[in-house]
Chemist: 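Have a look at this one before I ask anything.
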Amino acid sequence: MERRTFLFIFAVYLSFLQQDWPLVCGARTMPVPGSRNAAEAQFADTLKLPGVLADRFRRPLKSSGLPVFQEAPAFRNGDECKRSVFATAELCDPNAVHIAMTLDVAYLRGSVAGILSVLQHTACPENVVFDFLVSNRQEELKASILATFPYLRFRMYDFDVDLVQDKISSSIRQALDQPLNYARSYLADILPACVQRVIYLDSDLIVVDDIAKLWATDLESRVLGAPEYCKANFTKYFTDNFWWDPALSKTFEGKKPCYFNTGVMVIDLEKWRAGEFTRKIEIWMDIHKERRIYELGSLPPFLLVFAGLVKQVDHRWNQHGLGGDNLQGLCRDLHPGPVSLLHWSGKGKPWLRLDAKRACPLDTLWAPYDLYLPTYFLNG
């Protein structure tokens, strides 16, 4: 392990020792006294259920087959934070920080860790609203999130897989072919019109800085902001069918296209809607279906539409590739520079490597955010 990686892991470990709540496996934390009734009232109103039933609804369902998690603590705003006082206004709350994520059974454990990391490191956790996109088992996933984060501000939206089912071709890795992986292209259509900006986050990352800093990114006239990597070999993301076609290869003419990872993006939804960018992405997916012009799932259409037009975000906000490549998923070290977000893009996922006792050094940074309760613990 490189010395820099070791020092970073050690620094994060020390920061956890200073937290007010334990993160070791099996530890349980108590909710903030006096806050439960307000939360119950809000969720009972949202679900149209009496408080007692709302409380029962948020219990984990062992029989559902979903992972079960310990309850996270309640994170509260500091005095400097502003928030709307009416729960019904939270979707259009001008002080809200909207974070969109997909939820499914396979990646639920990673999603829960990501949510916890955002809440723990932001000064205004009650200002964060999560917008979850799901394609099946919505009620079970909602129950799991409510049981794990009883005080979380969130909404769930159904993603119609029929929108992309006939546009998907097999790629280099099966996980990249799942319809929900394409849901990020439809955020502007799915979220309410009053949501004008959103941060999209993948389910295999943790945030170790205040997400409000990323939210404050000045996109200027751009639709999308993300860390760009201009030293990457951009040509490898497309096949010869693309580069040998004079009409297609002119796509980037007059631009300086750079690779960016679509697992962390700040998106101006107003500009997206006005420019009909969902349709532009769909057009490239249709061309790909006929011509086989790329190999990496939902990423290349974003590159085709936005490369050369992205607002550069500091690299600290996506230390990506920690899951290795798409074939072997080997261990990797950190990129040079500061770190605000760790992203296990690639084949290797930290929860799978930890369970298999084949963890990479950086997987130990993900582990403290893992609220998963193993079966043996649930069974006593």
Chemist: Would you say CD of Gln312 has more than 12 non-hydrogen atoms from neighbouring residues, nucleotides or ligands within 6.0 angstrom?
Modeler: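 Result for CD/Gln312: enclosed.
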Chemist: Assess the residue pair Leu334 and Leu362 against the criterion (side-chain contact (heavy atoms from CB on, under 4.5 Å)); give the C-alpha distance rounded to whole Å, side-chain angles, the decisive distance to 0.1 Å, and a yes or no.
Modeler: CA-CA 8 Å; Leu334 292 170; Leu362 289 174; 4.0 Å; yes
Chemist: In a check of side-chain hydrogen bond (donor to acceptor under 3.5 Å, both in side chains) between Ser340 and each of Arg316, His121, Gln319, which one passes?
Modeler: Arg316
Chemist: Is there a donor-acceptor contact under 3.5 Å from the side chain of Arg222 to the main chain of Val310?
Modeler: yes
Chemist: I'd like to know if the side chain of Asp363 pairs up with that of Trp344 as donor and acceptor (distance under 3.5 Å, no hydrogens or angles considered).
Modeler: yes
Chemist: Between His288 and Lys167, is there a side-chain heavy-atom distance shorter than 4.5 Å?
Modeler: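 Counting from C-beta outward, Lys167 and His288 never come under 4.5 Å.
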Chemist: Provide the closest heavy-atom pair for Thr239 versus Arg292 in the form atom of the first, atom of the second, distance.
Modeler: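 Taking Thr239 first and Arg292 second, the nearest heavy atoms are OG1-O, 2.8 Å.
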Chemist: Determine whether Ser185 and Phe302 make a side-chain contact, defined as any pair of heavy atoms from C-beta on separated by less than 4.5 Å.
Modeler: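 Yes; the side chains approach each other to less than 4.5 Å.
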Chemist: Going only through I, L, V, M, F, W and Y residues with side-chain contacts under 4.5 Å, is there a path from Trp284 to Trp243?
Modeler: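 The answer is yes; both residues are in one hydrophobic cluster.
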Chemist: Checking Phe260 now: which residues fulfil ring-ring contact (aromatic ring centres under 6.0 Å, His included) with it, not counting sequence neighbours?
Modeler: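 For Phe260, no residue satisfies ring-ring contact (aromatic ring centres under 6.0 Å, His included) once neighbours in sequence are set aside.
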Chemist: With rounding to the nearest 0.5 Å, note down the distance linking CG in Leu299 to CG in Asn261.
Modeler: 7.0 Å
Chemist: Give me the atom names and distance for the closest heavy-atom approach of Leu66 to Ser144.
Modeler: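 Nearest pair, atom of Leu66 first, then Ser144: CD2-CB, 4.1 Å.
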Chemist: Decide yes or no for Tyr157 and Leu187: does some side-chain heavy atom of the first lie under 4.5 Å from some side-chain heavy atom of the second?
Modeler: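 Counting from C-beta outward, Tyr157 and Leu187 never come under 4.5 Å.
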Chemist: Kindly give the heavy-atom pair with the smallest separation between Pro300 and Phe238, and that separation in Å.
Modeler: CB-CE2, 3.9 Å
Chemist: Decide yes or no for Trp317 and Val266: does some side-chain heavy atom of the first lie under 4.5 Å from some side-chain heavy atom of the second?
Modeler: no
Chemist: Can you give me the closest heavy-atom contact between His343 and Asn318, atom names plus distance?
Modeler: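 Minimum heavy-atom contact is ND1-OD1, 3.0 Å.
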Chemist: I'd like to know if Ile281 and Leu309 are part of one continuous hydrophobic network [Ile/Leu/Val/Met/Phe/Trp/Tyr, side-chain heavy atoms within less than 4.5 Å].
Modeler: no
Chemist: Do Leu108 and Val105 come within less than 4.5 Å of each other through their side chains, counting heavy atoms only?
Modeler: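 Leu108 vs Val105: side chains apart.
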Chemist: Between the side chain of Ser111 and the main-chain N/O of Tyr107, is any donor-acceptor distance below 3.5 Å?
Modeler: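 Side chain of Ser111 to backbone of Tyr107, a donor-acceptor pair under 3.5 Å: yes, one is there.
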Chemist: Could you check Leu201 against Val264 for side-chain contact (heavy atoms from CB on, under 4.5 Å), going step by step and ending with a plain yes or no?
Modeler: CA-CA 5 Å; Leu201 297 179; Val264 180; 4.2 Å; yes
Chemist: How far does OG of Ser203 sit from CE of Met101, to the nearest 0.5 angstrom?
Modeler: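 Taking OG in Ser203 and CE in Met101, the distance rounds to 4.0 Å.
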Chemist: How long is the straight-line distance from CE of Met285 back to CD1 of Ile293, given to the nearest 0.5 Å?
Modeler: 11.0 Å
Chemist: Would you call Asp202 and Arg184 a salt bridge, taking side-chain N to carboxylate O under 4.0 Å as the test?
Modeler: yes
Chemist: In Å, rounded to the nearest 0.5 Å, how long is the span from CG of Leu116 to CG of Leu371?
Modeler: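 The CG atom of Leu116 sits 5.0 Å away from the CG atom of Leu371.
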Chemist: Inspect the contact between Arg137 and Glu140 and indicate whether a charged nitrogen and a carboxylate oxygen are less than 4.0 angstrom apart.
Modeler: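 Yes, this pair counts.
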Chemist: Start with the C-alpha gap between Met156 and Ile145, add the side-chain angles, then the distance that decides, and say whether side-chain contact (heavy atoms from CB on, under 4.5 Å) holds.
Modeler: CA-CA 10 Å; Met156 284 196 174; Ile145 293 297; 4.1 Å; yes
Chemist: Against the six-membered ring of Tyr151, is Arg76 placed for a cation-pi contact (under 6.0 Å from the centre, within 45° of the normal)?
Modeler: yes
Chemist: Could you check if a side-chain atom of Phe149 sits within less than 4.5 angstrom of a side-chain atom of Leu119, using non-hydrogen atoms only?
Modeler: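 Yes, close enough: below the 4.5 Å cut-off.
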Chemist: Hey, could you give me each pair passing salt bridge (Lys or Arg N to Asp or Glu O under 4.0 Å) that has a residue in residues 238-265? Not counting sequence neighbours.
Modeler: Asp245-Arg291
Chemist: Looking only at non-hydrogen atoms, find the nearest pair between Pro361 and Cys331 and report the distance.
Modeler: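 Taking every non-hydrogen atom into account, CD-SG, 4.3 Å.
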Chemist: Taking Ser249 for the side chain and Trp244 for the main chain, is one N or O donor matched with an acceptor at less than 3.5 Å?
Modeler: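 Between the backbone of Trp244 and the side chain of Ser249 there is no qualifying donor-acceptor contact (under 3.5 Å).
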Chemist: Please step through side-chain contact (heavy atoms from CB on, under 4.5 Å) for the pair Leu303 and Phe234, ending with a clear verdict.
Modeler: CA-CA 9 Å; Leu303 297 180; Phe234 191 79; 4.3 Å; yes
Chemist: If I compare all heavy atoms of Leu219 with all of Ile267, which pair ends up nearest, and what's the gap?
Modeler: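 Taking every non-hydrogen atom into account, CD1-C, 4.3 Å.
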Chemist: Would you say the side chain of Asp204 lies within less than 4.5 Å of the side chain of Leu322, judging by non-hydrogen atoms?
Modeler: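 Sidechains of Asp204 and Leu322: no contact.
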Chemist: Would you check if the distance from the ring center of Tyr229 to the ring center of His315 is below 6.0 Å?
Modeler: yes
Chemist: Are the aromatic ring centres of Tyr182 and Phe159 under 6.0 angstrom apart?
Modeler: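 Not close enough - the centres of the two rings lie 6.0 Å or further apart.
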Chemist: Is the closest side-chain heavy-atom distance between Arg109 and Phe69 below 4.5 Å?
Modeler: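 Heavy-atom side-chain distance check passes, below 4.5 Å.
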Chemist: Roughly how far, to the nearest 0.5 Å, is CG of Asn77 from CG of Asn95?
Modeler: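 If I round to the nearest 0.5 Å, the distance is 9.5 Å.
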Chemist: Parallel, tilted or perpendicular: which fits the ring planes of Trp215 and His98, with parallel below 30° and perpendicular above 60°?
Modeler: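 Answer is tilted, since the angle falls between 30° and 60°.
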Chemist: Verify, without hydrogens or angle tests, whether Asp93 (side chain) and Asn127 (backbone) share a donor-acceptor contact under 3.5 angstrom.
Modeler: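 No.
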Chemist: Measuring from atom CG of Asp268 to atom CZ of Phe277, what distance do you get when rounded to the nearest 0.5 angstrom?
Modeler: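 Rounded to the nearest 0.5 Å, the CG-CZ separation comes out at 10.0 Å.
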Chemist: Give me the one residue out of Phe252, Tyr294, Tyr259 that meets ring-ring contact (aromatic ring centres under 6.0 Å, His included) with Tyr237.
Modeler: Tyr259
Chemist: Between Asp210 and Lys213, is there a donor-acceptor pair closer than 3.5 Å when you use the side chain of the first and the backbone of the second?
Modeler: no
Chemist: Is the ring pair Phe130/Phe132 parallel, tilted or perpendicular, if the boundaries are 30 and 60 degrees?
Modeler: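 It falls in the parallel class, under 30°.
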